[in-house]
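One structure below.
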Amino acid sequence: MPDQSLPEAPPSTAPGAPSQARADRGLSRRALLGTAGATGLVLGAAGGAVGDAAAPAPATPLASVGREQVMFHGKHQPGILQGLQAHGHLVAFDLTPGAGRTEAAALLRRWSGTARRLMAGEAAAHGDTDVARDAGPSSLTVTLGFGHSFFARTGLEKRRPVALDPLPAFSSDHLDARRSNGDLWVQIGANDALVAFHALRALQKDAGGAARVRWQMNGFNRSPGATPHPMTARNLMGQVDGTRNPKPSDADFDRRIFVPASGSADPAWMANGSYVVVRRIRMLLDDWERLSRAAQEQVIGRRKADGAPLTGGTETAEMDLEKTDANGDLVIPLNAHARITRPDQNGGAAMLRRPFSYHDGFDADGTPDAGLLFVCWQADPLRGFVTVQRKLDRGDALSRFIRHEASGLFAVPGGAAEGEYVGQALLEG
């Protein structure tokens with residue numbers, strides 16, 4: 001889990017049903033929210049506390065959460081540059097036997113149309129379930145990608161990017177093949193659980209006979225407005241996680257995260273796209289929680305309270321990698337996670353991390369099946385994820401407390417223009 005902060009986000013009816021029900025569908029989810037929002041509860045700046053002498057910055061009003069909309073069409077696909085969302089679903093599909101390029105193109109057209117409608121707060125075009133009819137867009141995003149196996153199944157092997165070659169094995173891997181890879185990948189994120197599920201169900205229904213679900217993973221993050229001011233997320237280990245994420249304001253951000261529109265060794269259909277590595281990383285929480293706070297901070301190299309480096313300052317302060325304590329020992333150990341994952345310790349390798357936490361219950365002995373759905377974006381996975389993970393493999397103190405249980409690498413093309421669908425340049429080029 002490389003220590004790199006996300007850019008903060010700015011704050012149906014079945015055929016034959018009664019005609020009144022059909023008329024009700026004319027009200028968009030966004031319009032309905034506008035009515036409900038007028039009387040919605042608004043969270044105060046002090047989070048309900050009374051008598052605070054110095055109230056923190058205002059939290060996001062609850063009534064505003066549903067109104068936030070992300071546009072489907074654009075240079076890049078949605079779900080990459082937006083801030084962390086409260087709820088997420090990651091799903092991989094395999095094309096069904098007999099389905100090829102024609103069926104895949106029709107599916108991507110359906111998925112793109114459904115994503116555009118739902119992200120605008122509208123109902124699905126056919127057979128909408130009404131699960132989210134009372135809500136607004138709620139920052140819903142849908143992101144679509146292609147796995148290595150997709151190209152052989154569709155006869156497009158010659159158009160498969162070299163960057164999509166399978167990831168190497170790592171010592172921390174305990175991968176379940178049934179929950180790894182896949183022909184197609186879908187990421188769904190939203191700040192409302194029902195909105196996210198509604199999109200998941202609509203896209204799964206859209207798959208029809210062309211594709212079937214290979215695996216699905218469900219995740220979550222802190223909800224907007226849950227803290228008095230925006231801050232870097234925490235993971236299930238209680239650590240501030242994402243401090244050194246690259247930012248769009250960085251001079252080299254686009255070069256490191258997105259495939260250039262021209263002059264690239266990648267195929268032209270990947271222009272303005274990115275490569276995503278998805279890993280289900282189980283946290284061995286029982287072992288982790290036996291450590292003292294001081295020991296946990298030594299493993300990470302940062303203070304647990306505020307994410308600041310152990311050498312002092314605030315969360316964003318530069319680490320002093322040479323600083324020693326009274327005994328002459330490095331304040332930030334050589335195997336500290338935050339030291340190992342620094343871009344300047346990895347030839348400038350960087351990834352845009354946009355993860356979700358997960359909890360899938362407990363094992364028979366009571367051990368929690370919980371951890372991180374690690375999602376990272378880069379222009380070249382060999383120079384991004386692989387470079388950093390190889391370094392972690394050689395001696396990261398955190399490795400004792402995590403286990404990589406599933407993995408996938410997907411090519412995510414650039415955003416669709418108006419009137420187009422995601423992947424059209426690949427499937428019709």
Side-chain angles (χ1 to χ4, degrees), residues 2 4 75-81 90 92-95 101 104 108 143-170 173 175 177 180-187 214 245-246 248 250 252-279 341 343 346-355 374-393 404 406-416 422-427 429:
Q4 303 178 333
K75 181 179 179 181
H76 308 297
Q77 285 198 58
I80 302 175
L81 294 177
L90 307 179
F93 290 81
D94 284 335
L95 294 173
R101 181 172 177 176
L108 268 294
T143 319
L144 308 173
F146 304 104
H148 185 277
S149 56
F150 176 83
F151 297 84
R153 294 179 183 272
T154 54
L156 293 167
E157 294 99 325
K158 293 182 178 180
R159 308 197 73 190
R160 182 173 59 214
V162 174
L164 205 54
D165 286 352
L167 298 172
F170 301 103
D173 287 354
L175 304 182
S180 299
N181 302 314
D183 295 344
L184 293 158
W185 177 73
V186 179
Q187 175 188 257
R214 177 181 177 90
N245 237 2
D250 296 342
D252 59 353
F253 179 85
D254 279 1
R255 178 180 61 81
R256 295 197 291 180
I257 306 304
F258 293 110
V259 175
S262 61
S264 169
D266 272 285
W269 65 265
M270 273 296 291
N272 299 315
S274 188
Y275 293 93
V276 62
V277 174
V278 181
R279 309 277 279 188
T341 58
N346 294 280
M351 304 162 283
L352 178 64
R353 301 176 61 253
R354 203 172 177 280
F374 178 84
V375 180
C376 73
W377 301 89
Q378 58 262 288
D380 183 346
L382 183 61
R383 295 183 180 180
F385 173 79
V386 173
T387 295
V388 177
Q389 190 59 34
R390 279 175 171 161
K391 186 79 172 287
L392 293 171
D393 239 19
H404 292 235
S407 178
L409 169 63
F410 302 93
V412 176
V422 172
Q424 186 167 339
L426 166 65
L427 290 160

Please walk me through it: do Leu352 and Phe258 pass side-chain contact (heavy atoms from CB on, under 4.5 Å)?
CA-CA 10 Å; Leu352 178 64; Phe258 293 110; 5.9 Å; no

Does Val259 form a side-chain contact (heavy atoms from CB on, under 4.5 Å) with Tyr275? I'd like the steps, not just the answer.
CA-CA 8 Å; Val259 175; Tyr275 293 93; 3.7 Å; yes

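- Side-chain contact check for Thr143 versus Phe410: every heavy-atom pair is 4.5 Å or farther apart.
- The shortest distance between side-chain heavy atoms of Ser407 and Asp173 does not fall below 4.5 Å.
- Here CZ of Arg390 is found 12.0 Å from CG of Asn346. Values are rounded to the nearest 0.5 Å.
- Taking the side chain as every heavy atom from C-beta outward, Met351 and Val277 never approach each other to under 4.5 Å.
- For Asp393, the side chain to side chain contact (heavy atoms under 4.5 Å, CB included) partners at least two apart in sequence or on another chain are Phe170, Ser171, Ser172, Gln389.
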Set out, in order, the CA-CA distance, both residues' side-chain angles and the distance that settles side-chain contact (heavy atoms from CB on, under 4.5 Å) for Phe146 and Leu156, then state yes or no.
CA-CA 12 Å; Phe146 304 104; Leu156 293 167; over 6 Å; no

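- Listed by chain and number, the residues in a side chain to side chain contact (heavy atoms under 4.5 Å, CB included) with Arg153 are Leu95, Ser149, Asp183 (sequence neighbours excluded).
- Closest non-hydrogen pair, Pro246 versus Phe253, comes out as O-CE1, 3.7 Å.
- Atom OG1 of Thr387 is separated from atom CG of Leu392 by 11.0 Å, given to the nearest 0.5 angstrom.
- How far CG of Leu167 is from CG of Leu382: 9.5 Å, rounded to the nearest 0.5 Å.
- In the displayed structure, Arg159 atom CZ is contacted under 6.0 Å by more than 12 heavy atoms of other residues, nucleotides or ligands.
- In terms of the side chain to side chain donor-acceptor pair (under 3.5 Å) criterion, Gln378 has no residue partners (sequence neighbours excluded).
- Between Arg101 and Leu427 the shortest side-chain heavy-atom distance falls below 4.5 Å.
- Taken to the nearest 0.5 Å, the CZ atom of Arg279 stands 5.5 Å off from the CG atom of Leu175.
- Across all their heavy atoms, Asp165 and His148 have their closest contact at CA-CD2, 4.2 Å.
- The shortest side-chain heavy-atom distance between Pro166 and Leu409 does not fall under the 4.5 Å cut-off.
- A tilted orientation is assigned to the rings of Phe385 and Phe374, their planes being inclined by 30° to 60°.
- Residues Pro381 and Ala163 approach most closely at CG-O, 3.3 Å, considering heavy atoms.
- When all heavy atoms of Ser274 and Ala379 are compared, the pair lying nearest together is OG-N, 4.4 Å.
- Residues satisfying the salt bridge (Lys or Arg N to Asp or Glu O under 4.0 Å) test with Arg160, not counting sequence neighbours, are none.
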As a quick check of understanding, evaluate side-chain contact (heavy atoms from CB on, under 4.5 Å) for Leu144 and Leu184, giving each step before the final call.
CA-CA 7 Å; Leu144 308 173; Leu184 293 158; over 6 Å; no

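- Note that OG1 of Thr154 is 6.5 Å distant from CG of Leu426, once rounded to the nearest 0.5 Å.
- Asp94 meets the side chain to side chain donor-acceptor pair (under 3.5 Å) test with Arg214; sequence neighbours excluded.
- At least one donor-acceptor pair under 3.5 Å links the side chain of Gln77 to the backbone N or O of Pro413.
- Shown here for Gly145 and Val412, the closest heavy-atom pair between the two residues is CA-CG2, 4.1 Å.
- The ring-ring contact (aromatic ring centres under 6.0 Å, His included) search around Phe93 returns Trp111, not counting sequence neighbours.
- The two residues Ala92 and Gly182 come nearest to each other via the heavy atoms CB-CA, 4.4 Å.
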